[in-house]
Amino acid sequence: MSKRILLLTFFYPPDLSAGSFRAQALVEALQRRAGAGVQIDVLTTQPNRYACHACEVDSAERSPGLYVRRVHLPQVREGFIGQAISFWRYARRVRCLTADGNYDLVFATSSRLMTAVLGAWVAYCGFHGHLATHSMSI
């Protein structure tokens with residue numbers, strides 16, 4: 001039986017940010033270390049770091065051992081309130097998409113507001129595996 005790893009990250013390529021590049025590096029490292037017996041699920045957002053560079057990509061991408069799902073977030077105004085609304089929408093979708101709770105390990109980046117707290121919530125509510133949080137400064 002293969003192991004399942006969940007990575008929660010607000011930014012992931014092709015989004016342009018240090019957080020997206022580090023999340024991609026983490027996925028690549030996990031793939032190298034874990035081998036074929038691991039399924040990595042990434043829950044992220046559609047590229048939204050910079051309004052001038054926002055591009056729409058497939059909401060789901062599959063490759064052997066990797067499944068990336070992107071949550072669409074409507075454009076909201078900048079600032080703390082806008083960030084809170086965006087994160088709330090992301091958190092709601094993560095809650096729905098992780099309802100099966102069959103993860104052996106949850107990684108959660110903290111590059112956006114409270115993603116690490118969301119990861120702890122998913123880990124606590126949905127499975128009996130391990131939680132790993134990774135703090136990322138942008």
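Contact between Val38 and Ser2 at its shortest, heavy atoms only, is N-CB, 4.5 Å. Minimum heavy-atom separation, Pro64 to Gln31: O-NE2, 4.3 Å.
Between the side chain of Thr44 and the main chain of Thr9, a donor-acceptor pair closer than 3.5 Å is present. Judged by distance alone, the side chain of Asp15 and the main-chain N or O of Ser20 form no donor-acceptor pair under 3.5 Å. With Tyr90 contributing its side chain and Leu43 its backbone, the two residues share a donor-acceptor pair below 3.5 Å.
Ile40 CD1 to Glu28 CD: the interatomic distance, rounded to the nearest 0.5 Å, is 10.0 Å. The CZ atom of Arg93 lies 13.0 Å from the OG1 atom of Thr45; values are rounded to the nearest 0.5 Å. Taken from CG in Asp104 to NZ in Lys3, the straight-line distance is 4.5 Å, to the nearest 0.5 Å.
Within the 4.5 Å cutoff, side-chain heavy atoms of Gln46 are placed close to those of Ser59. Between Phe10 and Leu73 there is a side-chain heavy-atom pair separated by less than 4.5 Å. Considering only heavy atoms from C-beta on, Thr109 stays 4.5 Å or farther from Leu8 through its side chain. In this structure, Arg70 and Tyr12 have side chains that are in contact, with non-hydrogen atoms separated by less than 4.5 Å. Within the 4.5 Å cutoff, side-chain heavy atoms of Leu66 are placed close to those of Val27. Side-chain contact check for Ile5 versus Phe107: some heavy-atom pair is nearer than 4.5 Å.
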**Message:** Assess the residue pair Leu6 and Thr98 against the criterion (side chain to side chain contact (heavy atoms under 4.5 Å, CB included)); give the C-alpha distance rounded to whole Å, side-chain angles, the decisive distance to 0.1 Å, and a yes or no.
**Reply:** CA-CA 9 Å; Leu6 173 65; Thr98 59; 3.7 Å; yes

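Not counting sequence neighbours, the partners of Arg92 by the side-chain contact (heavy atoms from CB on, under 4.5 Å) test are Trp88. Under the side-chain contact (heavy atoms from CB on, under 4.5 Å) criterion, Tyr67 pairs with Gln39, Asp41, Ala60, Arg62, Arg69, not counting sequence neighbours.
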